[in-house]
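For reference, the structure is listed below as C-alpha cells.
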2 protein chains.
Amino acid sequence: MDNHVLSQRPALHAEQVLIKAMLAGSFPPGSVLPGERSLAAQLGVTRPTLREVLQRLERDGWITIRHGKATVVNDFWRDGGLNVLSALVRYGEQLPDGFIPNLLEVRLALAPAYTRAAVTRSAAVVAELLNRSDDLDDVPEAFAAFDWQLHRTLTICSGNPIYTLILNGFAGFYEQMARLYFAQPEARASSRSFYAALRGAALSGDAGEAERVARQVLAESIALWQSGAARYHWEER
Amino acid sequence: MDNHVLSQRPALHAEQVLIKAMLAGSFPPGSVLPGERSLAAQLGVTRPTLREVLQRLERDGWITIRHGKATVVNDFWRDGGLNVLSALVRYGEQLPDGFIPNLLEVRLALAPAYTRAAVTRSAAVVAELLNRSDDLDDVPEAFAAFDWQLHRTLTICSGNPIYTLILNGFAGFYEQMARLYFAQPEARASSRSFYAALRGAALSGDAGEAERVARQVLAESIALWQSGAARYHWEER
DNA sequence: AGTCTTAACTGGTCTGACCAGTTAGCAGGA
DNA sequence: TCCTGCTAACTGGTCAGACCAGTTAAGACT
C-alpha cells in the first residue's frame, strides 16, 4: 500500500490510492477491503476522513458498504456508475483497449437524437452558437472546447434533461479526449464542415437533416480515429 | 427545515431532507447552503455525519463544495449526474412532466445500438436468456423484471462497457417505471412478440434485424405510453 | 449434538478540538 | 483621500478517541 506523504489533501490522497489499487487489481472484485480503522492507518489518514472517501466511492459504485459486514469491492465495469470513467482517465495507468472507440460509439448512438430534438425545439440557439465555429483557430484545443460546448448546448436545448445528465458523466475528460482526436487535421476539417452543415439545417429548421449530418460526421469520426490510431502505431515501429 | 426525529439512520435522514429541500426549491440553484456546523444542528446530526452526506451529494452533482467558501447549490438538471434520477424517483413529490417519455426516448436512442452489438458478439447468450420469455406470467412485475434483466444483459454482451455504466444509472427505478408501463396488456403483448423476434434474430445471428426489431418496439413503446392508457398516478409504492 | 449466549469483529455516529483556505474590514501609511 | 496590508472571523478539512449498532462465529449450556 502506497502511503507516501504527499502534498495533496489527505482525503484526495486516500481516494487516489484506493482507486488506483482497484484499477490495478490489488483489490479484485468480490474481495473485501480491510476494516476502516486498519485501512485508515495504512493510508495515513484518520477514520472520519477515510469514511468520507469511502462514501464517495460507494456512490460511484466502486464498493458496497454494509453495516456490520466487511466492505466489498465491486466489479466497476459491471456495477459502476458513469463517474468511473473520469476516474479511469484521471488515475488509470493507461486507457483500456478500445476506450475511445467505445466513447465514440455511445456518442454516435446518442448525439443524433438530441441534435434532432435541439433543432426541433431551439433552432435559433443552436444556429447562434454555430456561428462562432467560423472563427475557430485550426488547433486541437479550440475544436475540443467548441465541440464540448456544442454537445452540451444540444443536450440542454433538446428538452430532454436526461441527455444532459448522461453527458455530464463525460465532463472533465471529453475535452481531453477530443484534443487527441482533433490533433488530426482531417478531423478538424470534417467537423468544420459538419458545423456549417448543422448550422444550415438549424437555420432552415430541418431537424431531420440535422440528425442526418450529425450521424454522418459521428460515424466518420470513428473511422477517422481508427485510421489515425493505426497510422500512429505504424509510425511507432 | 424538516428535522423530525425519524427511525432512520441519521445520515440517511439528513440526505433525504437535503435532497427533498433541493427538489422542492427550498435551496434554489445558485444559493448557498448554511455552514456545516449550523446545518448539522438543523438536521439533528453531527458534523462528520453531515459531511459524509455532503460528500455524496457533491459527487452526484447536487452541490459544489470549496474549501474556505460557502457550499453552493447546483442546478441539478444542468450539472447533476445520472444518479439524480434515482433520487428524483425516490424522494420527489411527483415525477416531472414528461419524465417517462424522456426515459423512453433515451432508451430508444441507446438500446438499438447495444442490442445490435450484443447479437453481433454474443448471440448465444442473448438467445438463451430470451428462451425464458415464453414462461413469463402475464403480469407487470414479471415483464418489468425480465425487461430490466434483458437490457442489462444486452449492454454487458455488447462489449462496450459504457452502455452498462449508463444503464446502471437507471438501476433501482427502471423496474418501478416498467411496472407502470407493463400495466397495459398491449404493452406486455408488444414486448412478448419483441422478445420472440429478437430471439429469432439472435438465433440466426442477424444483428441488423435485432437492431431493427429493437428500434421498432421501443418506438412503439413511446406511442403506447402516450396513448394515455397507462397513466397511473404516483401514489403507490 | 443442538441451541443459545456472548464476545469480537464490522461499519455508524458522536464529541470537540484544531488546521487551512477565503474574505471583509479595519489600521496604518503614502 | 486613497491604497496597502494585516487581522479576525468566517468557510470547509482533518484529527483524535470514544461509544453505538449490526453481524457472526466461537464457546457455554442444555
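Each chain gets a letter, A, B and so on, in the order the sequences are listed, and its residues count up from 1.
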A/T71 and A/T64: side chain to side chain contact (heavy atoms under 4.5 Å, CB included), yes or no, with the steps?
CA-CA 6 Å; A/T71 295; A/T64 297; over 6 Å; no

Would you mind reading off the distance between A/I65 atom CD1 and D/dT23 atom C1', rounded to a whole angstrom?
16 Å

Under the side chain to side chain donor-acceptor pair (under 3.5 Å) rule, collect the residues that match up with B/T153, sequence neighbours excluded.
none

Enumerate the residues from residues 49-62 of chain A whose closest heavy atom to DNA chain D is under 4.0 Å, giving them by residue number; use none for an empty result.
A/T49

Beyond-backbone contact of B/F99 with B/L85, side-chain heavy atoms, under 4.5 angstrom
yes

Do A/F76 and A/L23 have side-chain heavy atoms sitting under 4.5 Å apart?
yes

Considering only heavy atoms from C-beta outward, does the side chain of A/L54 approach that of A/L33 to under 4.5 Å?
yes

Any B/T71 side-chain N or O less than 4.0 Å from OP1/OP2 of D/dG12
yes

Give every pair of a protein N or O atom and an N or O atom of nucleotides 4-8 of chain C that lie under 3.5 Å apart, one pair per line with the distance.
none

Quick one: ring-ring contact (aromatic ring centres under 6.0 Å, His included) partners of B/Y174, sequence neighbours excluded?
B/W148, B/H151

Under a 3.5 Å threshold, yes or no: a donor from one side chain and an acceptor from the other, between B/R78 and A/N168?
no

Give the B/S/- string for nucleotides 17-22 of chain D, one per nucleotide from 5' to 3', where a protein heavy atom under 4.0 Å of the base yields B, of only the sugar-phosphate yields S, and otherwise -.
-BB-BB

Between B/Y91 and B/E15, is any side-chain donor less than 3.5 angstrom from a side-chain acceptor?
no

Rounding to a whole Å, what distance do you find between A/L39:CG and C/dT10:C1'?
13 Å

Under a 3.5 Å threshold, yes or no: a donor from one side chain and an acceptor from the other, between A/N83 and B/R59?
no

Can you establish whether the number of heavy atoms outside A/D134 located under 6.0 Å from its atom CG is more than 12?
yes

Would you mind reading off the distance between B/R66 atom CZ and D/dG12 atom P, rounded to a whole angstrom?
13 Å

Taking A/N160 for the side chain and A/I162 for the main chain, is one N or O donor matched with an acceptor at less than 3.5 Å?
yes

Would you please classify the geometry between the B/Y195 ring and the B/F146 ring as parallel, tilted or perpendicular, with 30° and 60° separating the classes?
perpendicular

Quick one: bend of the helix from C/dA1-D/dT30 to C/dA30-D/dT1 from 5 pairs per end, to 10°?
10°

Give a yes or no answer on whether the side chain of A/D75 reaches the backbone of A/W77 with a donor-acceptor pair at less than 3.5 Å.
yes

Quick one: A/L12 CG to D/dT14 C1', roughly how many Å, whole number?
14 Å

Round to the nearest Å and state the distance from A/E36 atom CD to D/dA16 atom P.
16 Å

Rounded to whole Å, please give me the gap between NE2 in B/H13 and P in C/dT13.
12 Å

